[in-house]
Trainee: 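Quick one: the structure is below, questions incoming.
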Amino acid sequence: MSREIASFVSQNKDLLKLYQSNSLRDHIADSLLTDAILIPQQIARAESSESYAVRMKSASFINIMIRNIISYCNGLENDGLKEREYIDLLRQEIRSFRRSFKKWRKSIGKNDGSSTWGFNDYMGY
């Protein structure tokens, strides 16, 4: 969803070069894409780690990225994006993800290594 929103809001349709743009909207779109890509990577890192510290660090990083994505939605609105429906859809998806994330984060300390904390179901694995 973030990729489609970035493509929609950006004047630069080459999503790999958004960071080179002088447009604020392109920079927000690039940051949105980057954080959205990093979330599943951090989930995979936490899922594969036996270390409580690594899992907690990943959880903390995911929490920051969730807050960033919400801020990017606000930034796009403040930049004058008229089509709020797309941003509202992303916010709705982030709220849903955040609910699952909170359950997962609470279970990190209880995990014995045999559980997947429910994220395999959320991610469709």
Side-chain angles (χ1 to χ4, degrees):
M1 183 180 295
S2 60
R3 188 172 317 150
E4 294 303 320
I5 289 174
S7 178
F8 178 75
V9 302
S10 174
Q11 295 177 10
N12 180 355
K13 297 305 175 191
D14 185 357
L15 297 181
L16 296 175
K17 295 187 178 182
L18 288 174
Y19 69 94
Q20 295 174 339
S21 174
N22 289 330
S23 165
L24 173 62
R25 200 175 283 192
D26 286 353
H27 284 278
I28 293 172
D30 182 53
S31 297
L32 174 65
L33 277 174
T34 301
D35 283 2
I37 289 168
L38 289 174
I39 289 174
Q41 290 175 0
Q42 287 298 312
I43 291 170
R45 180 176 182 222
E47 288 282 343
S48 65
S49 177
E50 296 293 324
S51 168
Y52 176 77
V54 169
R55 292 184 294 194
M56 289 305 292
K57 187 173 182 178
S58 290
S60 177
F61 195 46
I62 292 167
N63 194 45
I64 291 167
M65 289 181 283
I66 290 170
R67 287 193 321 250
N68 287 349
I69 290 172
I70 292 168
S71 294
Y72 303 145
C73 291
N74 294 338
L76 289 170
E77 280 185 340
N78 291 338
D79 192 48
L81 183 68
K82 301 286 187 227
E83 298 82 3
R84 288 193 49 188
E85 301 86 28
Y86 302 116
I87 300 300
D88 289 340
L89 283 173
L90 181 59
R91 283 186 179 123
Q92 183 178 3
E93 196 62 29
I94 289 295
R95 280 193 298 270
S96 174
F97 177 79
R98 183 179 253 168
R99 283 190 295 274
S100 295
F101 170 73
K102 285 181 180 182
K103 289 178 190 176
W104 171 69
R105 189 179 61 211
K106 287 179 184 177
S107 73
I108 288 177
K110 302 174 193 171
N111 192 307
D112 62 0
S114 62
S115 173
T116 60
W117 304 323
F119 266 92
N120 284 347
D121 295 331
Y122 182 82
M123 299 301 289
Y125 298 120

Trainee: If you take all heavy atoms of Cys73 and Leu90, which pair is closest and at what distance?
Mentor: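 Smallest heavy-atom distance, with atoms named: SG-CD2, 3.7 Å.
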Trainee: Let me confirm one number: the CD1-CG distance from Ile70 to Leu32, rounded to the nearest 0.5 Å.
Mentor: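 So the CD1 of Ile70 and the CG of Leu32 are separated by 11.5 Å.
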Trainee: Given Met65, which partner from the list Ile94, Thr34, Ile39 fulfils the side chain to side chain contact (heavy atoms under 4.5 Å, CB included) test?
Mentor: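 It is Ile39, the one option of Ile94, Thr34, Ile39 that forms the side chain to side chain contact (heavy atoms under 4.5 Å, CB included) with Met65.
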Trainee: Quick one: pull up CZ in Arg98 and CZ in Arg105 and give me the separation to the nearest 0.5 Å.
Mentor: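 Here the interatomic distance stands at 8.5 Å.
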Trainee: Are Met1 and Ile37 connected in a single hydrophobic cluster, I mean Ile/Leu/Val/Met/Phe/Trp/Tyr linked by side-chain heavy atoms less than 4.5 Å apart?
Mentor: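 Not linked; separate clusters.
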Trainee: Please find the pair of heavy atoms, one from Arg25 and one from Leu81, that lie closest to each other, and give the distance.
Mentor: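 Shortest heavy-atom contact: NH2-N, 3.4 Å.
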Trainee: Just wondering, do Arg91 and Arg84 contact through their side chains at under 4.5 Å, heavy atoms?
Mentor: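 The answer is yes; the side chains approach within 4.5 Å.
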Trainee: Quick one: are Trp104 and Ile62 in side-chain contact, heavy atoms under 4.5 Å?
Mentor: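 Heavy-atom side-chain distance check passes, below 4.5 Å.
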Trainee: Do the side chains of Tyr52 and Val54 join up, straight or via other hydrophobic residues, at under 4.5 Å, putting them in one cluster?
Mentor: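 No, Tyr52 does not connect to Val54 through the hydrophobic network.
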Trainee: Could you check if a side-chain atom of Leu89 sits within less than 4.5 angstrom of a side-chain atom of Glu4, using non-hydrogen atoms only?
Mentor: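 Result no, sub-4.5 Å side-chain heavy-atom pair not found.
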Trainee: Is there side-chain contact between His27 and Asp30, with at least one heavy-atom pair below 4.5 Å?
Mentor: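 Sidechains of Asp30 and His27: no contact.
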Trainee: So, taking the atom named CZ in Phe61 and the one named CG in Asp35, what distance separates them when rounded to the nearest 0.5 Å?
Mentor: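 The CG atom of Asp35 is 7.0 Å from CZ of Phe61, to the nearest 0.5 Å.
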Trainee: Ile64 and Leu33: same hydrophobic cluster, using ILVMFWY side-chain contacts below 4.5 Å?
Mentor: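 No, because Ile64 and Leu33 fall into different hydrophobic clusters, even though each may have its own neighbours under 4.5 Å.
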Trainee: Please name the pair of heavy atoms, one in Tyr72 and one in Ile28, separated by the smallest distance, quoted to 0.1 Å.
Mentor: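 Scanning both residues completely, I find the closest heavy atoms to be O-CG2, 3.6 Å.
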Trainee: Surrounding CD of Glu77 (heavy atoms of other residues, nucleotides or ligands, distance under 6.0 Å), is the total greater than 12?
Mentor: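 Atom CD in Glu77 is crowded, with more than 12 foreign heavy atoms closer than 6.0 Å.
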Trainee: Quick one: CZ on Phe97 to CD1 on Ile69, what's the gap to the nearest 0.5 Å?
Mentor: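 That separation rounds to 8.0 Å.
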Trainee: Give me the atom names and distance for the closest heavy-atom approach of Arg55 to Ser49.
Mentor: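 Heavy atoms of Arg55 and Ser49 come nearest at CD-O, 3.9 Å.
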